Amino acid sequence: MARREGTVPAMSAQEPSDRPMDIAFAEAEAAAARGEVPVGAVVVDGEGRIVARAGNRTLELKDPTAHAELLAIRAACAALGSERLIGCDLYVTLEPCAMCAAAISFARIRRLYYGAADEKGGGVDHGPRIFAQVTCHHRPEVYGGIGETQAASLLRAFFAARRD
């Protein structure tokens, strides 16, 4: 598994508002506005086109598996007509949990880009480190710390408002 902090392979030229991580942040902000934990995810195909996007919806759907990553993966699979997302990349604002990391592996995501590390609930670089397990059949390239400050600020503000 390739592991690089904060570096992103070159992609096709896109307008700043079309960059996948910017769209993931927009999804996270929309989730926060709905009262959901502000996490957003975007799936991009090998040509750099956005295939799916989602924000957390666990409260709205009354579904503990309705994490942004899973919703985006499900939508991308439906859009592409396949249970595999070979050649696709996933951008998410927070380090995926163990459940989402396993789904990323099963979907055969090529690269995972995430914003803030999640020392408590992460499953990629913290906690169970799903991709490092011998039972993990597919390990995406992982790039952490993409927009980390923005992601951490969004989460801190959300939880601070909840405590008031």
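Treat the numbers as computed from the prediction; the structure is a model and nothing was measured.
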Taking distance alone, no hydrogens or angles, what donor-acceptor pairs closer than 3.5 Å link side-chain atoms of residues 94-107 to residues at least two apart or in another chain?
from, atom 1, to, atom 2, distance (Å)
Glu95, OE1, Asp118, N, 2.9
Glu95, OE1, His126, ND1, 2.7
Glu95, OE2, Val124, N, 3.1
Glu95, OE2, Asp125, N, 2.7
Glu95, OE2, His126, N, 3.0
Glu95, OE2, His126, ND1, 3.4
Ser105, OG, His138, N, 3.4
Ser105, OG, His138, O, 2.8

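For the pair Ser153/Arg156, a side-chain contact is recorded, criterion being any heavy-atom separation below 4.5 Å from C-beta on. The shortest distance between side-chain heavy atoms of Val44 and Arg49 does not fall below 4.5 Å. In this structure, Leu155 and Pro38 have side chains that are in contact, with non-hydrogen atoms separated by less than 4.5 Å. Residues Val37 and Phe158 have side chains in contact (heavy-atom distance under 4.5 Å, counting atoms from C-beta outward). Taking 4.5 Å as the limit, some side-chain heavy atom of Leu85 sits within range of a side-chain heavy atom of Leu80.
Listed by first then second residue, pairs satisfying salt bridge (charged side-chain N to carboxylate O under 4.0 Å, His left out) with a partner in residues 26-36 read Glu27-Arg53, Arg34-Glu60, not counting sequence neighbours.
Taking all atoms of both residues into account, the shortest heavy-atom contact from Ala24 to Val42 is N-CG2, 3.5 Å. In this structure, Ala72 and Ala54 approach most closely via the heavy-atom pair N-CB, 3.7 Å. Closest of all the heavy-atom pairs between Phe25 and Gly147 is CZ-O, 3.4 Å. Taking every heavy atom of both residues into account, Tyr91 and Met21 meet most closely at CD2-N, 4.1 Å. Annotation for Gly122 and Pro128: closest pair O-CD, 3.6 Å, computed over non-hydrogen atoms.
Distance alone, capped at 3.5 Å, is enough to place a donor-acceptor pair between the Arg162 side chain and the Gly35 backbone. With Arg139 contributing its side chain and Gln133 its backbone, the two residues share a donor-acceptor pair below 3.5 Å. No side-chain donor-acceptor contact under 3.5 Å links Glu83 to the backbone of Cys77. Side chain of Thr93 to main chain of Ala28: no donor-acceptor pair is present (N/O by atom type, distance under 3.5 Å, no hydrogens or angles).
The hydrophobic cluster containing Leu70 does not contain Ile130, counting ILVMFWY residues as joined when their side-chain heavy atoms lie under 4.5 angstrom apart, directly or transitively. In the hydrophobic clustering of this structure, Leu112 groups with Ile73; members are Ile, Leu, Val, Met, Phe, Trp, Tyr whose side-chain heavy atoms approach within less than 4.5 Å, directly or through other members.
Expressed to the nearest 0.5 Å, how far OG1 of Thr58 lies from CG of Leu71 amounts to 9.5 Å.
A side chain to side chain contact (heavy atoms under 4.5 Å, CB included) with Arg111 holds for exactly one of Asp89, Leu90, Val142; it is Asp89.
No hydrogens or angles considered: a donor-acceptor pair under 3.5 Å links the side chains of Thr65 and Asp63.
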